[in-house]
Amino acid sequence: MEEMLQRIQKISKLIQVMMNICLLIFGFFIPVGLFVAFMPGFTDKDLSEVHTKIVDSANLLPINIVNNIFGETHLELQITLAGIFIVILAGIFVYCVFEMKRIFKKMSASRTPFTMETSAAFKKLSIKTLPICLFSTLLGAAVFLTIRLFAYVFEYGSYLQGKADETNRIQEEMIMSFAEITENKSEQTGKHVRRVAEYSRIMAEEMGLGEDKAKIIRLASTMHDIGKLLIPSEILEKPARLTDEEFAIIKKHPGYGGDLLKNVEGEVMGLAKTVALEHHERPDGRGYPEGLKQGDLSIEGQIVAVADVYDALTSKRSYKQAWDEKDAYNEILKGRGTQFNEAVVDAFEKAYAEINKVRQELQE
Ligand SMILES: [Fe+2]
Ligand SMILES: [Fe+2]
């Protein structure tokens, strides 16, 4: 009898240890596995799906864990984790069945009745075991829920960031397409727009305007010649030098650009309007259309002015050959303080290696 009680105690303790190990796996490793498994798939979920998952996580007690393991993303990892868990549980179960069978076989062989002492020993063990199991379960569930909740917070953040990025990308693509239409009409290719945009960004960064501002200037610069949409094609595409009258018409394109963009709102479009109006102005007041002087001009307009002239010089046109890049570089430096803003020319000079690299990469 004593021997049997000891055996029951031994099995009970073993079950308790195994249960605690299981709960530990349950409470820690599976949530961590799921957390890792869910992380990469965050951005392509829609809002309702994210909300549903947050609501679901409230029901995520261990009893629901298997449903959750067999989720739709990263199925292989989740099945593996669930498999490991099930194998451990099955192992404990099989071991318990065999042990109990052995005990009862021995009991019936010795014809010992199931006495009060045996029952009391079971009761004592249950009282000790149950709180530990319960505590582990609650701890595991709490850890699991906390990790999941953090995962959903990240997921929701990534979702919102993804949406914002997508909106910005679509806006950027639309602006670039519109700018390319303008450039095609004025006999240049879309690469002129892209080169001017990159040169402007590089100079803005060199001047310390910050990465965000540089990006906005880059985008706004793509519409600098939008007013050319209103200039007759015969003048824009004329394969010879323009007459004074024709040049007077061309000079109207910054004003037309300003008119086209006058009712638009937002930082990028507002700056696009300024750049369209000012990109042919000069600090010495000899530019067009208004002949404004340095103090009246925006730094963004003057950055794009340098980028536009440098690209015009280094590009082939129907009426001229492309200049050698060294000659074009010297021409920009020569215009410091008269044709171009001094600080912008300094930035051009300092960042020239990068500008020249972009020119080579975006050649026609
Ligand atoms: Fe222009
Ligand atoms: Fe241009």
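Just the heavy atoms: all of them, side chains too, but no hydrogens, waters or symmetry mates, feed the values below. Indexing begins at 1, ligand by ligand and atom by atom, following the structure's order.
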Is [X] salt-bridged to [Y], going by a charged N under 4.0 Å from an acidic O?
| X | Y | answer |
| --- | --- | --- |
| E331 | K334 | yes |
| D296 | K293 | no |
| D311 | R359 | no |
| E205 | K213 | no |

Original post:
How is the N/O/S atom of H253 that comes nearest to the Fe ion (ligand 1) named?
Top reply: NE2
**OP:** Name whichever N, O or S atom of H279 ends up nearest to the Fe ion (ligand 1).
**Re:**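 Per the distance ranking, H279 contributes NE2 as its closest N/O/S atom to the Fe ion (ligand 1).
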Original post:
Quick check: does H280 put an N/O/S atom under 2.8 Å from the Fe ion (ligand 1)?
Top reply: yes
Original post:
If you stand at the Fe ion (ligand 2) and look out to OD2 of D225 and NE2 of H192, what angle do those two lines make, to 10°?
Top reply: 130°
Subject >> Check: T243 main-chain N/O paired with E246 side-chain donor or acceptor under 3.5 Å >> reply: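 Yes.
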Subject >> Which N, O or S atom of D308 lies nearest to the Fe ion (ligand 2), by name >> reply: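 Result for D308 and the Fe ion (ligand 2): OD1.
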